[in-house]
Participant: 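Let me begin by handing over the structure; questions about it come next.
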Amino acid sequence: MRMSKYLLNTLKEVPREAETLSHQLMLRSCMIKKVAAGIYTYMPMGYRVIRKIEAIIREELNREGCIELLMPAVQPAELWQESKRWDFYGKELLRFKDRKGADFCLGPTHEEVITDVVRRELKSYRQLPLNLYQIQTKFRDEIRPRYGLMRGREFIMKDAYSFDVDDQASEKSYWSMYHAYARIFHRCGLKFRAVEADSGAIGGSYTHEFHVLADTGEDTVLSCTHCEYTANIEKAECRKPESVEHGDFLETEKRETPGKKSVEEVAEFLGVQPENLIKTMIFVAEDGTPVAVLVRGDHEVNEVKVRNFLGLNALELADEETIRAATGGPSGFSGPVGLNIRILADYAVREMENAVTGANEKDMHWLNVNPERDFKVSEYGDFRLAEEGEQCPRCEEGRYEQFKGIEVGQVFRLGTKYSESMDCRFLDENGKEKPAVMGCYGIGVGRTAAAAIEQNNDENGIIWPVNIAPFDVMILNLDVRDEDVSIAARTIEEKLEEMSFEVLYDDRDVRAGFKFKDADLIGLPLQVIVGKRGLKEGVVEVKVRRTGDREKVAPAEVPRKVVELLNSLKEQEEQRR
RNA sequence: CGGGGAGUGGCGCAGUCUGGUAGCGCACCUGCCUUGGGAGCAGGGGGUCGGAGGUUCAAAUCCUCUCUCCCCGACCA
């Protein structure tokens with residue numbers, strides 16, 4: 001491709017709207033253009049990357065026996081009413097009416113449609129397993145779209161849905177997708193982790209998220225240094241503390257702590273360590289029932305764990321008024337002593353001795369409070385956030401290591417939620433009717449591209465992994481008006497294209513420095529630099545974008561060199577962990 | 001939705017407080033000159049200052065309403 005004929009206007013300055021690096025670089029390298037909040041045009045350069053990622057996804061899914069189809073973006077309300085999600089889904093679902101006044105929505109996901117498709121076709125267990133996928137544009141009316149493709153409202157997603165005869169078969173489908181995903185992200189040249197995650201309100205036994213590791217990621221992932229255990233911080237289990245021998249319980253004592261509310265303030269004021277405090281958080285369930293959650297002063301409550309333990313969809317921190325009603329005191333001075341609501345306590349609290357707690361009274365705390373002696377706990381459990389450096393809950397040797405990640409994919413077991421509500425059944429070998437057991441599997445295509453940039457860049461721009469780079473090689477003609485240089489550059493272009501490499505040939509009549517800057521910004525894996533200076537010595541330069549290494553080779557040697565360098569880059573990238 | 005900020009050529013910004021008929025850098029076009037890391041000089045095109053209404057002899061600037069975008073938060077299979 002001749003750059004002089006291509007649509008690629010790079011920006012030297014950073015557009016104000018761009019916060020994250022990948023967003024900035026995508027705008028500067030003319031990959032995307034914003035049309036409205038969270039809605040983008042994929043410009044030629046950006047679309048090439050999208051297509052590369054899609055191709056890898058297709059290959060790996062087809063290898064697993066998945067079948068591609070394409071469902072509509074616009075979906076009728078009836079299907080969503082049937083699955084009960086029309087009312088449940090919330091404002092993220094963009095709804096509208098057609099000219100006849102019938103309700104429709106833009107599909108944020110396709111469980112309903114796929115279940116409808118399959119129930120019409122599925123008759124016998126002989127047709128299973130079945131795994132159908134599509135790559136398509138989805139729409140979720142996010143409250144706050146941001147970071148470019150990282151969190152758009154309209155986005156390209158690969159979604160797959162598996163249908164199986166029973167749980168066991170469904171699990172097999174699940175793991176086959178899990179492994180396909182691992183191959184996909186490896187091939188994309190990304191460092192990633194498959195992490196155990198919270199399965200959320202949708203229910204389901206377990207789920208893995210695939211996170212690309214990047215410091216700018218929005219999610220926190222904890223991974224054991226020794227064993228395989230890796231989990232989203234929302235889910236990461238805490239090791240149950242060793243039971244300790246309880247010794248001398250001291251007499252409780254009420255002490256004035258004027259204006260001291262936070263753990264730090266109280267601990268400092270009383271001259272004790274934060275881990276000697278019991279932090280009492282008051283939450284309210286969906287139905288308005290208050291619940292107290294107790295954790296050690298230096299720990300944080302994990303709301304997801306609490307919510308799941310209680311089997312709730314929603315759980316909120318109580319407001320001042322609710323706290324007063326539930327405890328009799330103002331916020332900041334809550335404590336379990338004499339409290340008459342349900343009390344959940346983290347395991348670590350059970351091991352505490354002579355602790356400090358709020359007294360449910362303004363400016364007052366209790367000293368020497370002991371669980372069971374001074375208050376009753378309804379249930380003990382794992383209710384806190386795990387932290388980096390803690391001992392792994394699954395093995396003896398390892399400790400938690402913390403990463404920031406960008407969620408690019410998820411594999412999820414749906415069970416029979418949709419097949420039952422929407423009547424997607426088949427006859428088993430005994431002629432008995434059964435609902436299909438389903439799974440769903442998503443990959444954010446645009447987000448994968450953005451994550452790749454977050455993970456692969458330097459101060460000069462993007463460094464594309466070979467397999468998803470928009471082109472393989474950039475040729476820089478530094479002296480377009482010099483006949484010999486141009487002939488040499490064109491010859492190299494033709495040769496490489498004959499070998500089916502994708503080549504971007506910078507034949508623009510601009511200064512050399514301009515081309516170098518653009519080439520680094522765009523970030524193709526290799527640059528072939530053809531200039532008067534080198535040609536005089538009979539050489540051109542081949543530069544590796546990632547390392548900056550340059551090698552002088554004879555023009556005729558370029559194809560061989562390109563093959564060699566691309567292969568070695570590819571190999572390195574696919575091995576990255 | 002709550003809190004904060006911003007809308008002025010394609011991009012980045014100044015001008016707004018103190019009203020006087022729009023400016024700078026980048027990008028773009030022409031020419032000269034230059035040519036290995038975003039050159040220089042000269043000339044040029046492009047903006048009803050987000051929109052509507054109002055005040056005024058006069059509004060980018062003051063007032064009212066409205067739309068959009070960005071940041072923080074809550075939200076998020």
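So that the names make sense, note that chain A is the first sequence line, chain B the second, and so on, each numbered from 1.
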Participant: Between the protein and nucleotides 25-30 of chain B, which nitrogen or oxygen pairs are less than 3.5 angstrom apart?
Facilitator:
{"unit_1": "B:G25", "atom_1": "N2", "unit_2": "A:Glu13", "atom_2": "OE1", "d": "2.9"}

Participant: What is the distance, rounded to the nearest whole Å, between atom CZ of A:Phe88 and atom P of B:C75?
Facilitator: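 Computing the A:Phe88:CZ to B:C75:P distance gives 15 Å.
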Participant: Does any nucleotide pair with B:G25 by Watson-Crick or G-U wobble geometry, both distances under 3.5 Å, and what is it?
Facilitator: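 B:G25 is paired, partner B:C11.
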Participant: Using the salt bridge (charged side-chain N to carboxylate O under 4.0 Å, His left out) criterion, which residues pair with A:Glu234? Sequence neighbours excluded.
Facilitator: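 Expected list: none.
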Participant: Among all residues two or more places apart in sequence or in another chain, which pass the side chain to side chain contact (heavy atoms under 4.5 Å, CB included) test with A:Lys305?
Facilitator: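 Once residues adjacent in sequence are excluded, the partners of A:Lys305 under the side chain to side chain contact (heavy atoms under 4.5 Å, CB included) criterion are A:Cys238, A:Asn302, A:Asp382.
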Participant: Would you mind writing out the side-chain donor-acceptor pairs for residues 533-540 of chain A within the sub-3.5 Å range, not counting sequence neighbours?
Facilitator:
none

Participant: Please list, by residue number, the residues of residues 471-493 of chain A whose heavy atoms come closer than 4.0 Å to an atom of RNA chain B; answer none if no residue qualifies.
Facilitator: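 Only A:Leu478, A:Asp479, A:Arg481 qualify.
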Participant: Taking a pair as Watson-Crick or G-U wobble with both distances under 3.5 Å, which nucleotide is matched to B:C1?
Facilitator: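 Checking every strand shown, B:C1 finds its partner in B:G73, with both distances under 3.5 Å.
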Participant: Looking at A:Lys34, does any N or O in its side chain come under 4.0 Å of the phosphate oxygens OP1/OP2 on B:C70?
Facilitator: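 Result: yes.
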Participant: Between the side-chain atoms of A:Asp518 and the base atoms of B:G38, is any donor-acceptor pair under 3.5 Å?
Facilitator: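 Yes, a donor-acceptor pair under 3.5 Å.
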Participant: Pairs under 3.5 angstrom only: tabulate donor-acceptor contacts from the side chains of residues 12-19 of chain A to other protein residues two or more places apart or in another chain.
Facilitator:
none

Participant: Across all strands, who's sitting opposite B:U55 as a Watson-Crick or G-U wobble pair, both distances under 3.5 Å?
Facilitator: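 Because no pair has both required distances under 3.5 Å, B:U55 counts as unpaired.
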Participant: Could you work out, with side chain to side chain contact (heavy atoms under 4.5 Å, CB included) as the rule, every residue matching A:Lys561, not counting sequence neighbours?
Facilitator: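 Partners of A:Lys561 by the side chain to side chain contact (heavy atoms under 4.5 Å, CB included) criterion, ordered by chain and then number, come out as A:Val542, A:Glu551, A:Val553, A:Glu564, A:Leu565.
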Participant: Once salt bridge (charged side-chain N to carboxylate O under 4.0 Å, His left out) is applied, do any residues pair with A:Glu209, and if so which ones, sequence neighbours excluded?
Facilitator: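 Salt bridge (charged side-chain N to carboxylate O under 4.0 Å, His left out) check on A:Glu209 returns nothing, list empty.
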Participant: Hey, does A:Leu521 reach any base, or is it just sugar-phosphate, or nothing, if we go heavy atoms under 4.0 Å?
Facilitator: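 Answer is base: heavy atoms of A:Leu521 come under 4.0 Å of a base.
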Participant: For B:A39 and A:Arg511 - does any side-chain N or O of the residue sit under 4.0 Å from the phosphate oxygens OP1/OP2?
Facilitator: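 Checking A:Arg511 against B:A39: at least one side-chain N or O falls below 4.0 Å of OP1 or OP2.
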Participant: A:Cys30: what forms a side chain to side chain contact (heavy atoms under 4.5 Å, CB included) with it, not counting sequence neighbours?
Facilitator: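 Side chain to side chain contact (heavy atoms under 4.5 Å, CB included) check on A:Cys30 returns A:Leu8, A:Lys33, A:Met43.
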Participant: Show me the protein contacts with nucleotides 13-16 of chain B, counting only N or O atoms at under 3.5 Å.
Facilitator:
{"unit_1": "B:C13", "atom_1": "OP2", "unit_2": "A:Arg16", "atom_2": "NE", "d": "2.9"}

Participant: Could you tell me which residues satisfy salt bridge (charged side-chain N to carboxylate O under 4.0 Å, His left out) with A:Arg146, sequence neighbours excluded, listed by chain and number?
Facilitator: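 A:Arg146 satisfies salt bridge (charged side-chain N to carboxylate O under 4.0 Å, His left out) with no residue once adjacent residues are dropped.
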Participant: Do A:Glu218 and A:Arg151 sit within salt-bridge range, that is, some charged N less than 4.0 Å from a carboxylate O?
Facilitator: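 Here A:Glu218 pairs with A:Arg151 in a salt bridge, since their nearest N and O are under 4.0 Å apart.
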Participant: Base, sugar-phosphate, or nothing for A:Arg28, non-hydrogen atoms under 4.0 angstrom?
Facilitator: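 Base contact.
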Participant: Can we say A:Asp518 and A:Arg508 salt-bridge, meaning some charged N sits less than 4.0 Å from an Asp/Glu carboxylate O?
Facilitator: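 Looking at A:Arg508 together with A:Asp518, the answer is yes, because their closest N to O distance falls below 4.0 Å.
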Participant: Which residues satisfy the side chain to side chain contact (heavy atoms under 4.5 Å, CB included) test with A:Glu316, sequence neighbours excluded?
Facilitator: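 Once residues adjacent in sequence are excluded, A:Glu316 has no partner under the side chain to side chain contact (heavy atoms under 4.5 Å, CB included) criterion.
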Participant: My understanding is that a pair needs two contacts under 3.5 Å, Watson-Crick or G-U wobble. By that rule, which nucleotide pairs with B:A42?
Facilitator: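 Paired with B:A42, as far as the under-3.5 Å criterion goes, is B:U30.
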